[in-house]
Undergrad: 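Can you keep this structure in mind? I'll have questions shortly.
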Amino acid sequence: MTRVLVVEDDPQLVRALVINLRARRYGVDPAPDGATALRLAAARRPDVVVLDLGLPDMDGVDVIKALRGWTRVPVLVLSARRASDEKVAALDAGADDYITKPFSMDELLARLRAAVRRTGATALAPGTALVTTEAFTVDLIAKKVTRAGRDVRLTPTEWHLLEILIRNPGRLVTRKHLLHEVWGASRSDRTNYLRVYMAQLRRKLEADPSHPRYLITEPGMGYRFEG
Ligand code: CA
């Protein structure tokens, strides 16, 4: 049975989540605040955590940081609509995905299934050499990309960006993280760099660069590789 830790202080939402999750045979532990969440996470070892960022006793981002000290359990963040900074902070702290309130139960369940499915695939296993899509193949050891049997020439910067995304399949990687990794701390506000280089990568790899299938933009947040 898949165990879900639901960290949320809104009793109505908790009730709806518990009913819906139990109906689909998830085991559910509700936690109304951050301290209870951390205690239950250690005691119950959930397979996935659904975490409201606005908790009565502590910031949800600090809950993520505390969890990340010892576990890679997938964390799906529930966030208020306008709080874009908050979502980015949560993702940078190690959340795996977010969903904006109000959300439909179907969407939450789909995100939850995806988060659980990615467990173990969140980071590629060390030694993984080849990542293959229907459009292109990436050799992470030889640092080569081929498309329709031909080598695709990437600049070192393009390669670095692509490699980070490919090594986190299905995961949203924040703009801040990409900028920090590829250009360094002093360039972490240059989101225009990312737009330019992502456009170049799409031109080289996507069949239809204006409707990307593999290198997906999450508006205001970052990018995601969908294999
Ligand atoms: Ca709340």
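Whatever order the structure lists them in is the order used to number ligands and atoms, beginning at 1.
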Undergrad: Taking all heavy atoms of V152 and all of K204, pick out the closest pair and write down the distance.
TA: CG1-CB, 3.9 Å
Undergrad: State whether the side chain of R45 and the backbone N or O of L40 hold a donor-acceptor pair below 3.5 Å, judged by distance alone.
TA: no
Undergrad: Do any of the N/O/S atoms of D10, backbone or side chain, fall under 3.0 Å from the Ca ion (ligand 1)?
TA: no
Undergrad: One thing to verify: whether K65 and D59 come together as a salt bridge, which I'm taking to mean a side-chain N less than 4.0 angstrom from a carboxylate O.
TA: no
Undergrad: Taking the N/O/S atoms of D52 one by one, which is nearest to the Ca ion (ligand 1)?
TA: OD2
Undergrad: Just by modelled atom types, is the T155 backbone N or O under 3.5 Å from a matching donor or acceptor in the E158 side chain?
TA: yes
Undergrad: Under 3.0 Å from the Ca ion (ligand 1), is there any N, O or S atom belonging to G54?
TA: yes
Undergrad: Let me check your reading of the structure: within less than 3.0 Å of the Ca ion (ligand 1), is there an N/O/S atom from D9?
TA: yes
